[in-house]
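Order of listing sets the numbers, starting from 1, for every ligand and every atom in it. Residues: numbered from 1 along the sequence shown.
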Amino acid sequence: MNSRRSLLVGCGAYLPERILENSELAKIVDTSDDWIIKRTGIRQRHIAADGEFTSDLAIRAAHDALVKANMARDQIDLIVVATTTPDETFPSTATKVQAALGITKGVAFDIQAVCAGFIYALTIADNFIKTGQSNNALVIGAETFTRLLDWNDRSTCVLFGDGAGAVVLCGHENTDEVASYGVLSTHLHSDGRQRDILYVDGGPSSTGTVGQVRMSGKEVYKHAVSKLGEVIDEALEFNGLSPSDIDWLVPHQANRRIIESMAKKMSLPLDKVICCIERHANTSAASVPLALSEGINDGRVSSGDLVLFEAIGGGLAWGSGLVKIGQPV
Ligand code: ACO
């Protein structure tokens, strides 16, 4: 048994002010509000303003998470930002967040696993804490994903939005008191053979350009349903739990139909699933912490609840995290 564990003690979020509704998209590409809602569940998405960068979104979400956690900035000694849309190729977005928060100790770095990024970042931070390398971590998923979109491609441009979510992980000795709290497990997977079904056609080393998202939606959909189903089973089996033990499923928000099929697979009623795709669309690495923040803020998710995260994205990369929220009072 690990001698330390990571308690999830705060969650914050930030969404850019500007909202783009489906009806506005229908003026740009050959689509309709009806098609987008029926096939995806999305009604609107937030779009970062000109001059508003991923780090700006991340900083706002981090501030919110620190306030919710009641934690001073100087207690943070690890910042992991999951993003596919860093402000610049370097320095990392995480070091910009670190500087903006006035933190000068510890480490800050980015990780890139597209839509699975938050679960990858959570796993890394949890392991830094468990090994004693870090004490308190900010784990952030932040994206200005709409900057990667081809606004002439109706099969992708309707799906994504911008935003950021963050959680504070607090290292704690693994005493009997906290033994059932915090990050109970994470499971990560990747398979590079499916690179061609979801990718960006540019990058600093290949084209020297940023590139745009290319996706075979049907193929991604099929992989999402099967791989997310497997990773949910893996998490439950690892922890000796059955689906009914889960208080909340907080899934990646890519498509309402994928979310509903995961709920059906787990025989979970939809009112046990945090779904905000309607208003956020797919915010990639930000989607899971944004959904968690919404569930906590509106009072559905509370301290002591057992929450299952899952996500899949380009790579393919996918994973799950099982967390008992908060800490004993
Ligand atoms: N508006 C109107 N029609 C459209 C649109 C649109 N926005 N987009 C596609 N269509 C058309 C297609 O051209 C096609 O027309 P055709 O039959 O004449 O050829 C028809 O609608 C059906 O297209 P499909 O692609 O078969 O539609 P599908 O039901 O599969 O829905 C969707 C497409 C929503 C993209 C779905 O496949 C999906 O959600 N896939 C998963 C995406 C995903 O999960 N991504 C997550 C990872 S993202 C990341 O990691 C960055």
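Of the listed residues (Trp35, Phe145, Tyr199), the one carrying the non-hydrogen atom nearest atom 3 (N) of ligand 1 is Trp35.
Not a single protein heavy atom sits closer than 4.0 Å to atom 16 (P) of ligand 1. For atom 20 (C) of ligand 1, the nearest protein heavy atom lies 4.0 Å away or farther. There is a protein heavy atom less than 4.0 angstrom from atom 40 (N) of ligand 1. Counting only heavy atoms, the protein gets under 4.0 Å from atom 37 (O) of ligand 1.
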Run the numbers on Gln212 and Arg214 for side chain to side chain donor-acceptor pair (under 3.5 Å), then give the verdict.
CA-CA 7 Å; Gln212 293 175 323; Arg214 305 293 169 210; 3.0 Å; yes

Show, in sequence, the C-alpha distance, side-chain angles and deciding distance for Arg45 and Asn22, and conclude whether the side chain to side chain donor-acceptor pair (under 3.5 Å) test is met.
CA-CA 8 Å; Arg45 69 287 293 141; Asn22 290 347; 2.9 Å; yes

Determine, step by step, whether Thr146 and Asp162 satisfy the side chain to side chain donor-acceptor pair (under 3.5 Å) criterion, reporting the C-alpha distance in whole Å, the side-chain angles of both residues, the deciding distance to 0.1 Å, and the verdict.
CA-CA 6 Å; Thr146 61; Asp162 301 330; 2.8 Å; yes

Dump the intermediate steps for side chain to side chain donor-acceptor pair (under 3.5 Å) on Ser6 and Asp126, then the final yes or no.
CA-CA 6 Å; Ser6 316; Asp126 178 41; 2.6 Å; yes

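The distance from ligand 1 to the heavy atoms of Gly217 drops below 4.0 Å at these ligand atoms: 37 (O), 40 (N), 41 (C).
Residue Gly314 has at least one N or O atom closer than 3.5 Å to an N or O atom of ligand 1. Checking only distances, Val220 never comes within under 3.5 Å of ligand 1, N or O to N or O. Residue Arg39 has at least one nitrogen or oxygen atom sitting less than 3.5 Å from a nitrogen or oxygen atom of ligand 1, judged on distance alone. Residue Lys218 has at least one nitrogen or oxygen atom sitting less than 3.5 Å from a nitrogen or oxygen atom of ligand 1, judged on distance alone.
For atom 47 (C) of ligand 1, the closest non-hydrogen atom on the protein side is Leu198 CD2, 3.6 Å. The closest protein non-hydrogen atom to atom 31 (O) of ligand 1 is Arg257 NH2, 3.6 Å. The closest protein non-hydrogen atom to atom 12 (C) of ligand 1 is Arg154 NH2, 3.8 Å. Here the heavy atom of the protein found nearest to atom 50 (O) of ligand 1 is Cys115 SG, 2.8 Å.
When heavy-atom distances to ligand 1 are checked against a 4.0 Å cut-off, Ala254 comes that close only through its side chain, counted from C-beta outward. Under 4.0 Å from ligand 1, not a single heavy atom of Thr84 appears. Only the side chain of Ile258 comes within 4.0 Å of ligand 1, judged by heavy-atom distances. When heavy-atom distances to ligand 1 are checked against a 4.0 Å cut-off, Thr31 comes that close through both its backbone and its side chain. Only the side chain of Asn282 comes within 4.0 Å of ligand 1, counting heavy atoms alone; its backbone N, CA, C and O stay farther away.
The distance from the CD atom of Gln44 to the NE2 atom of His46 is 5.0 Å, given to the nearest 0.5 Å.
Under a hydrophobic clustering in which Ile, Leu, Val, Met, Phe, Trp and Tyr are joined whenever their side-chain heavy atoms come within less than 4.5 Å, directly or via other members, Val231 and Leu198 fall into the same cluster.
At a cut-off of 3.5 Å, with distance as the only test, a side-chain donor of Thr85 or Glu143 sits close to an acceptor on the other residue.
Not a single heavy atom of Ser284 sits less than 4.0 Å from an atom of ligand 1. Ligand 1 lies less than 4.0 angstrom from a heavy atom belonging to Val114.
Put simply, the side chain of Ser32 gets close to the backbone of Trp35: a donor and an acceptor are under 3.5 Å apart. For the pair Asp201 (side chain) and Gly211 (backbone), a donor-acceptor distance under 3.5 Å is absent.
Look at Glu219 and Lys222 and you find a salt bridge, because one of the NZ, NE, NH1 or NH2 atoms lies within 4.0 Å of a carboxylate O, short of that distance. Residues Asp56 and Arg60 are not paired through a salt bridge, judged by the lack of any N-O separation under 4.0 Å between the basic side chain and the carboxylate. Using a 4.0 Å cut-off between charged nitrogen and carboxylate oxygen, Glu88 and Lys96 count as a salt-bridge pair.
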